[in-house]
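Heads up, the thing below is written out as structure tokens.
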Amino acid sequence: MTKILIVEDEPTMRMGLADNLEFEGYEIDFADNGESGLKKILESNFDLVLLDVMLPKLSGFDVCKNVRKNGNKTPIILLTAKGEEIDKVLGLELGADDYVTKPFSLRELIARIKAVLRRSEISDQSNVKDIVQIGKLKINFTTYNAFDGDNSVQMTLKEFDVLKYLFLMKNKTVSRDDLLKEIWGQDVFTTTRTIDNFILKLRQKIEDDQNHPKIILTVHGIGYKLIG
Ligand code: CA
């Protein structure tokens with residue numbers, strides 16, 4: 001069962017979230033301040049943490065920073081207050097995986113929870129394999145290295161992420177919308193056109209002949225498919 005920790009000092013919010021998430025089939029635990037939240041995250045094994053930013057004893061930011069400093073990779077979604085734009089940026093820099101702004105709809109929150117859980121599952125799976133061959137490249141998704149023969153190939157983090165996602169879905173069609181959602185997340189400036197250009201560049205690195213791709217195929221009107 002998927003275990004979620006809710007760190008929230010406001011009782012109504014905490015209970016409301018707990019009831020609804022339990023109804024969705026998640027196992028729930030709580031903490032009502034930052035200090036006990038941090039302790040629970042470090043001592044137990046949660047699949048995801050919902051972390052309020054304004055908390056007694058230790059702020060959500062400090063909790064997040066401490067969790068990551070301890071090498072703990074439990075996915076964290078921050079619950080930020082309305083209008084605190086700076087919080088979102090800071091939160092993501094401190095290692096949070098996503099954020100939702102209060103007041104949020106339950107539907108929005110659950111969609112975010114599912115997306116973050118899916119991403120963390122994918123990165124768990126890919127850590128198992130050390131090095132994979134994709135087209136002419138040998139790729140290590142754990143260390144983010146790519147080689148063409150003995151030559152190191154420069155790739156951006158996004159390129160690794162897109163390739164990893166396509167690879168884990170190999171031989172299945174991945175829609176442009178899925179790529180947008182899974183990789184670009186909340187970046188509103190990205191369009192499906194951005195993705196097409198991105199794939200063109202990726203092909204230059206992995207295909208023998210980028211004009212006749214054999215690895216990342218275009219599925220017309222839908223998206224892409226990695227053959228492997
Ligand atoms: Ca609060």
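As the structure is a computational prediction, the values presented were derived from the model and not from experiment. Note that ligands are numbered from 1 as they come in the structure, with each ligand's atoms numbered from 1 the same way.
R176 and T194 share no donor-acceptor pair across their side chains, judged by distance under 3.5 Å alone. Side-chain atoms of S175 and D177 form no donor-acceptor pair, as typed in the model, at a separation below 3.5 Å.
Among the atoms of M13, none of the N, O or S atoms falls under 3.0 Å from the Ca ion (ligand 1). At a threshold of 3.0 Å, the Ca ion (ligand 1) has no backbone or side-chain N, O or S atom of E8 nearer than that distance. At least one N, O or S atom of D9, from either the backbone or the side chain, sits less than 3.0 Å from the Ca ion (ligand 1).
Between Y224 and the choices T173, D178, D196, the side-chain hydrogen bond (donor to acceptor under 3.5 Å, both in side chains) rule is met once, by D196.
A salt bridge is defined here as a Lys NZ or Arg NE, NH1 or NH2 lying under 4.0 Å from an Asp or Glu carboxylate O, and E108 with R112 meets this definition.
Nearest N/O/S atom of D52 relative to the Ca ion (ligand 1): this is OD2.
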